[in-house]
Amino acid sequence: MRRIATGLAAILCVTVAGGCARSSLRIDGGDEGAGASAGTGGTGGTAGTGGTAGTGGTAGTGGTGVNPTTCVLGVPVDAVEVIDEPGRDGNTSSLVVTDVGDPAVGLPSAVVLQAVVSDHSAPNDIMALPIRFDPVAYPGGMGIFQNPSAVVTNTWSYAQMALSDSPQPAIAFSWNAASQGVQFRTTDEWASQPGPVVHVWATNATPRGMAAGAGAASMGGGYSGEGFGLGWNDQYPDTLMVAAVLSDDGMVTAGPHPILGPDPIPDCSSPAITWSGETYLIATSVHDCGSPGPLCAAPRVVVSRFRPASGDAWDDSGIDFVSAIAPHNGIARLSTPTIASWQGRSAVAWMEAADTDDAPRTVRIVGLSADGQPIGAPQVVATDAHPTSPIRLSASRLGWVVLWAEDGDSTLPEDEPGWSSVMGHQLDDDLQPMGPPFTMDATRFSSWGLAPAVGIDYPPALVMTWAARSRSSANTAAFVSRIECDSP
């Protein structure tokens, strides 16, 4: 199997109150959450408003190129219901790529999907499902060779996954085990051989973002080896957003450090995190900083970076403020941002709107340098979004793809595609549209996880997953579909 990386990682967490205090305005459908009923879009809320964008060159210049393919997405393939447990709901599904595929030799792409499965009266199971794509060999181009397997049981958690470069193929999971704190374990790439549980953090914390990248030596020396950047909402003694670097076996090697400052922030979003190729970048949106401090700016989308220890025999790692980005009209509220990286380029996207629940949302995106500085001015992706989900950003050879869910025709039965829609915009390296927006019809939308869309090479397509009303029962199920090239 030709992999783009030799391992996988995922972060699981329970849905508990945490992070920053939420305002009543929810402009992005809320944070992803476990066990959300159909149409709610999960738990959570909105946060923050913006400030001035940083300096830099023209948007999209000076990079290695995010879009070496001319594939313009636009041909939807019917969604397939892949996790539908009798009497239970499947929510917050997300994907990682285990093999991008190779059309030159007919090697199909492969992904792993996970979802949280619960009946809302008992602890959840985290289910994993390997899927391979082949437009010739499999009906509908998708092959499933085993039933979903439970990689974590007896937890009130949902999953976030990230691709790792560990020496051995593995999927790593971390979850909130209540009084036992945050836990970690790995399993093989087929999710059939779970490893031992590793303790990560003692407090009742809610992990909100994870990215695979470099590790950090516990006593300094910068980044080294493989590891993960992890952001979570720490519950004790106060509710703070913090970030740390983990080793590839789940041990904390740097941090945790407060992302926005040592005091709880009255009104902000959960953190989004990515490995830029040089460091971990963290994006949050802030409406009210409370006590002024050097790490927080409001109203802004705040981009921070994790600073590894210098190597002076003590842990002087920390969080550095990098930039603050303003909403277009200066008074808009901001959604939870989404951040992604590809081949040394990064970007952050968000939604903004007037301070009312029913106002249309403007979707904006700006490129970031490897150290988090904005590259040029933010670009407008859409001006009339009405989301029922958090915004998500995917980066791959297909370019940047911005996604969110909206209500469609609510006169339809909830189990009929078209009740909801997944909206997508494909952007090139300069963050300009590659083609018209695309839409995937869905049954009544429920939720999705951290990475609901990934790019694959064979067949060239964007693979997407979401949770929505099952077509065969009254439950919520996890779906998989893809958008293929409209032009080669």
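None of the values given here were measured: they were computed from a predicted structure. Atoms considered below: every heavy atom in the structure, side chains included; atoms not considered: hydrogens, waters and symmetry mates. Just so you know, residue 1 is the first one in the sequence shown, and it goes up from there.
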Quiz item: So, D429 and R345, do they make that salt bridge, N to O below 4.0 Å?
Solution: yes
Got more than 12 heavy atoms from elsewhere within 6.0 Å of CG, D409? yes
Does any N or O in the side chain of R132 come within less than 3.5 Å of the main-chain N or O of P108, such that one atom is a donor and the other an acceptor? yes
**Report entry** Student check: side-chain heavy atoms of L113 and S94 closer than 4.5 Å
**Finding:** no
Counting distance only, does the side-chain N/O of T465 pair as donor-acceptor with the main-chain N or O of V480 below 3.5 Å? no
Subject >> E352/R364 salt bridge by N-O under 4.0 Å criterion >> reply: yes
Quiz item: When you look at Y223 and W275, which way does the ring pair (Phe, Tyr, Trp, His ring centres under 6.0 Å) test go after all the steps?
Solution: CA-CA 12 Å; Y223 291 114; W275 173 254; 5.1 Å; yes
**Item:** Close side-chain approach of M440 to I483, heavy-atom, < 4.5 Å
**Value:** yes
Nearest heavy-atom approach of G449 to R392 is O-NE, 2.8 Å
Scanning both residues in full, the closest heavy-atom pair of V380 with T383 reads CG1-CG2, 3.6 Å
task: Compute whether any side-chain donor of one residue and acceptor of the other, for T443 and D415, lie under 3.5 angstrom apart.
output: no
One should read off an interatomic distance between I259 CD1 and S270 OG, to the nearest 0.5 angstrom, of 9.5 Å
Rounded to the nearest 0.5 angstrom, the CE-CH2 distance for M210 and W232 is 11.0 Å
| Do W400 and L431 touch side chain to side chain, with heavy atoms closer than 4.5 Å? | yes
Distance col, row W466:CH2 vs S420:OG, nearest 0.5 angstrom, shows 10.5 Å
For L398 and G455 the tightest heavy-atom approach is CD1-CA, 3.8 Å
message: Is there a side-chain contact between V422 and T439 in this structure, where contact means two heavy atoms from C-beta onward sitting under 4.5 Å apart?
response: no
Is there a donor-acceptor contact under 3.5 Å from the side chain of S276 to the main chain of A370?
yes
Note: E406 and A385 closest approach over all heavy atoms is OE2-CA, 3.4 Å
Side-chain donor-acceptor pair under 3.5 Å between S346 and T274, yes or no?
-> no
When rounded to the nearest 0.5 Å, the distance separating CD1 of I273 from CD1 of I339 is 8.5 Å
Item to check | Ion pair R88/D125, N-O distance below 4.0 Å | outcome: yes
| query | Cut-off 3.5 Å, side chains only: do S109 and D99 have a donor facing an acceptor? | reply | no
So OG1 of T388 and CH2 of W404: to nearest 0.5 Å the spacing works out to 11.5 Å
Shortest non-hydrogen pair, S389 vs F445, comes out as CB-CE2, 3.5 Å
Taken to the nearest 0.5 Å, the spacing of D89 CG from S470 OG works out to 9.5 Å
If we ignore hydrogens and angles and just use 3.5 Å, is the side chain of Y280 paired with the main-chain N or O of A214 as donor and acceptor? yes
Is there a side-chain contact between M464 and L403 in this structure, where contact means two heavy atoms from C-beta onward sitting under 4.5 Å apart?
yes
Closest non-hydrogen contact found for V463 with R482 is CA-CB, 4.1 Å
Task: Pairwise side-chain contact, I456 with V111, heavy-atom cut-off 4.5 Å (strictly under) - done: yes
Mind checking whether T336 and P390 have side chains closer than 4.5 Å, heavy atoms only? no
Can you tell if the side chain of V77 reaches within under 4.5 Å of the side chain of F133, non-hydrogen atoms only? no
